[in-house]
Q: 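Below you will find the structure I want to go over with you.
This one's a predicted model, so the numbers in the text were calculated from it and none came from an experiment.
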Amino acid sequence: MSVRPSRLRPSRPNWIAAQALALICITVTLGLILGLQTRAQFGEIDLSQRAYAEETAAKGALISDLRDTLGYGGVIHNFKNFVLRQDVVYLLETEEQIARFRETIDRYLDLVPTPQERAALDEIAAAITTYEGMLPLAIAAAEQDWSPARTDAAVRVDDAGALAALAELERLWRAARGANTERVAKAVEQGRTLIWVGFLALGALVLAALIIGYLLRLLHRDLRQTLVRLNGELDDRRALEQAQSRLATIVEQAPTTILLTDTSGRIEYANAKFEALTGWSRAEIAGQTPAFLQSGDTSAAGYSEIRARLARGEIWRGVFRNLRKDGSSYWAETTILPLLGPDGAVRNFAGLGEDITEARKARDQVVRAQKLEAVGQLAGGVAHDFNNILTTVIASAYLASLDAPEGSDIAHEIAQIDVAARRAQSLVRELLTFARREPARRQAVVLAEIVTEVVALMGAAIPPLIELRFDPPERRFTVLGDATHIHQIVMNLCRNATEAIGAGSGVIEITLAAAPDDQVRLSVRDDGPGMSQDTLCHLFEPFFTTKAVGKGSGLGLSVVFTLVEEMGGRIDVSSEIGAGARFDIDLPLTGDAAVGADAAEPELPRGSERVLLIDDEAEVAGSFRRLLLRLGYRVDAYTAPRQALDRFRRDPAAYDLVVTDLVMPDLSGLELAASLREVRADVPILFVTAFRPGEIAIPGPVPETLEKPVNPNRFAHHIRKALDGEHISTHRENW
């Protein structure tokens with residue numbers, strides 16, 4: 001839509017009107033100048049009079065008071081009379097004169113003195129202060145009956161400077177008074193001149209008014225003709241403004257963010273959606289570049305590529321993670337396009353963004369669910385084979401430790417192998433627990449025993465500069481839970497504290513104490529570098545880690561949170577940068593009655609019975625066989641369960657105990673055990689498996705179950721108890 005331009009014809013009245021307007025401007029300007037000058041002169045007179053009345057006169061009165069203070073009957077006079085005559089009346093007069101002097105000085109300072117006056121006042125005040133400082137000495141001299149000459153010599157003050165300063169102050173006052181008088185006279189003379197000039201300007205104004213009246217009549221005719229043309233143009237402009245208003249409404253209410261910048265990237269406009277989404281107001285971002293939105297995800301090279309495409313007049317489309325004003329982030333599917341002018345040159349850039357944060361979160365949740373499922377599948381698939389491998393490592397390390405001299409380097413290295421194997425087994429358990437592939441076995445557990453075991457295990461794994469402290473409490477704090485899970489909780493917290501401290505020195509302190517609501521508080525504190533608030537917000541999220549790639553799985557604290565929650569407990573974290581960290585776990589207490597942990601025996605039990613050993617892993621079968629042979633047992637080891645079954649069927653009474661794996665090819669451990677019981681119903685069976693089973697249903701007594709990687713010490717004890725027909729509780733039997 002176009003607007004018709006107005007075409008005004010030049011005419012004589014227009015020219016006359018211009019001349020008249022110039023005349024009016026000149027006359028009015030002259031009148032204003034004269035009026036302002038006149039007003040200024042009268043103001044000057046008023047100021048001069050008020051300055052004289054309010055300041056000069058007031059200062060004159062104050063100077064008179066100062067003169068009285070320094071002169072006869074003043075401070076100096078009364079002070080000297082007191083010194084010579086030692087009459088208390090003069091002392092009281094002196095103190096009263098000093099008080100009045102201070103008041104006079106304060107009043108003079110309220111009048112805002114000039115630097116010269118302030119210097120003189122300071123000189124006078126210094127002398128009075130000196131006299132005031134001498135009063136205690138003069139009083140003491142009077143009390144001790146000093147002679148007037150001695151007292152005068154002791155308290156004599158040089159007040160010549162003060163008297164000279166008073167004279168200078170009077171000179172300055174007389175000079176100011178003369179300047180004010182001259183100022184008033186000069187202002188009055190200039191006012192008279194302005195009055196005459198004002199009369200002349202008034203006459204010129206009357207003449208200009210007559211000319212203007214005539215010209216206005218001539219102009220009226222031309223204005224009517226012009227008004228008709230302007231009405232047509234106004235209608236066109238209204239239509240254009242309505243179209244622009246509709247366009248502005250669409251832009252303001254658009255569901256996408258719209259940002260308009262100049263060619264240098266400076267923001268010229270942002271719509272309401274941009275303000276609502278980012279939290280930034282238009283006033284705050286006007287003239288800035290959109291750099292305040294950058295989260296750091298896009299590289300500098302990426303931004304350079306965007307600018308290059310826009311400079312070529314091309315449109316760019318992509319996805320940004322931008323920052324809001326409060327520091328949170330959002331995802332925006334963004335289109336940036338160059339806006340061209342009539343000449344084809346780029347005049348502006350427009351950025352359109354659609355908030356896809358929720359869609360992105362939904363996609364991330366799907367990805368996370370898939371990742372967790374993958375972890376679960378990986379954990380379930382790896383656990384069996386990995387624990388078999390660890391069983392061989394732990395058993396071999398144990399057998400080697402029996403022959404290694406105590407305190408030797410080889411003994412230390414074997415201990416390190418054992419620690420590493422146990423840490424690997426703990427990681428597998430974290431994966432199984434996190435993926436919900438390992439069911440919990442809840443029973444009464446004494447916390448101090450678990451913590452003591454973890455401290456002993458960690459003592460060989462942490463750097464020598466880190467001190468691990470734990471003083472077992474006198475009270476038995478018993479909780480209901482899975483001992484393996486509690487072991488994982490304490491182990492993960494200690495390992496997390498160790499990694500936080502790093503290679504330097506530090507202290508990790510574990511405490512157990514009573515908590516409100518019949519609970520026990522397990523606290524793990526370290527003096528490491530601490531954590532930021534942002535890290536604390538994400539601390540228990542799966543796969544979140546601040547460690548370098550390859551240094552952490554991001555599962556440890558997530559597993560801790562999950563296990564604590566399953567036990568009905570709660571976990572709190574307090575930390576600040578540079579102040580270390582503290583984890584407090586509150587768990588509900590249970591009765592301190594029977595606790596299913598087996599007491600470790602001082603020596604490995606031995607025997608001479610015959611044992612049938614079946615495990616499809618040759619390394620595991622070999623490790624168990626060597627251990628049992630070393631303990632005196634006679635062992636027949638098989639890796640094929642059907643061959644072992646055939647051997648048992650040939651002579652069922654030849655074997656005192658059967659030790660078998662559960663997960664084996666061709667014939668499972670449960671199927672093998674059922675077949676053995678069909679041949680001999682009373683045969684003792686002990687399951688040793690890398691996979692924790694659910695319910696075991698076979699004929700006869702339910703066999704006990706040990707989990708791989710099994711501790712050789714416990715393995716030996718369970719072998720002996722199974723042979724002796726003793727009942728073994730089914731709590732954690734691997735460590």
Q: So which atom in Ile466 and which in Gly502 form the shortest heavy-atom distance, rounded to 0.1 Å?
A: CD1-O, 3.7 Å
Q: Here's a test for you: under side-chain contact (heavy atoms from CB on, under 4.5 Å), which of Asp661, Thr705, Leu706 qualifies with Phe687?
A: Thr705
Q: Taking side chain as C-beta onward, heavy atoms only, is Thr511 less than 4.5 Å from Val524?
A: no
Q: Take Val520 and Asp586 through the side-chain contact (heavy atoms from CB on, under 4.5 Å) test and state the conclusion after the steps.
A: CA-CA 6 Å; Val520 58; Asp586 291 346; over 6 Å; no
Q: Would Arg266 and Thr289 count as having a side-chain donor-acceptor pair, cut-off 3.5 Å?
A: no
Q: Would you mind listing every ring pair (Phe, Tyr, Trp, His ring centres under 6.0 Å) that reaches into residues 246-280, with sequence neighbours excluded?
A: Trp280-Phe292
Q: Quick one: closest heavy-atom pair of Gly265 and Pro290, and the distance?
A: O-CD, 3.3 Å
Q: Test salt bridge (Lys or Arg N to Asp or Glu O under 4.0 Å) on Asp615 and Lys708 and set out the steps.
A: CA-CA 12 Å; Asp615 197 299; Lys708 297 176 183 177; 2.5 Å; yes
Q: Ignoring hydrogens, what is the shortest heavy-atom contact between Thr256 and Asn271? Give both atom names and the distance.
A: O-ND2, 3.0 Å
Q: For Glu314, I'd like to know if atom CD has over 12 heavy atoms of other residues, nucleotides or ligands within 6.0 Å.
A: yes
Q: Please test Arg570 against Asp572 for salt bridge (Lys or Arg N to Asp or Glu O under 4.0 Å), starting from the C-alpha separation and ending with a verdict.
A: CA-CA 7 Å; Arg570 61 188 299 271; Asp572 288 325; 2.7 Å; yes
Q: Measuring only between side-chain heavy atoms, which start at C-beta, is Glu565 closer than 4.5 Å to Leu563?
A: no
Q: Please determine whether a side-chain nitrogen of the Lys or Arg among Arg469 and Asp471 lies less than 4.0 Å from a carboxylate oxygen of the Asp or Glu.
A: no
Q: Should Thr278 and Leu293 be marked as a side-chain contact (heavy atoms from CB on, under 4.5 Å) after you check the CA-CA gap, both sets of side-chain angles, and the distance that decides it?
A: CA-CA 8 Å; Thr278 66; Leu293 296 174; 4.1 Å; yes
Q: Do Asn322 and Gln294 meet the criterion of a side-chain donor-acceptor pair at a distance under 3.5 Å?
A: no
Q: Side chains of Arg321 and Ser329: do they bring a donor and an acceptor to under 3.5 Å?
A: yes
Q: Let me confirm one number: the CG-CG distance from Leu468 to Asp526, rounded to the nearest 0.5 Å.
A: 11.0 Å
Q: Go through Leu352 and Leu337 one step at a time and tell me if the side-chain contact (heavy atoms from CB on, under 4.5 Å) criterion holds.
A: CA-CA 9 Å; Leu352 289 74; Leu337 61 154; 3.6 Å; yes
Q: Show your reasoning for whether side-chain contact (heavy atoms from CB on, under 4.5 Å) applies to Lys273 and Ile258.
A: CA-CA 8 Å; Lys273 178 64 176 180; Ile258 299 176; over 6 Å; no
Q: Surrounding CD of Glu333 (heavy atoms of other residues, nucleotides or ligands, distance under 6.0 Å), is the total greater than 12?
A: no
Q: Quick one: are Trp331 and Asp355 in side-chain contact, heavy atoms under 4.5 Å?
A: no
Q: Apply salt bridge (charged side-chain N to carboxylate O under 4.0 Å, His left out) to Glu284 and list each qualifying residue two or more places apart in sequence or on a separate chain.
A: Lys325
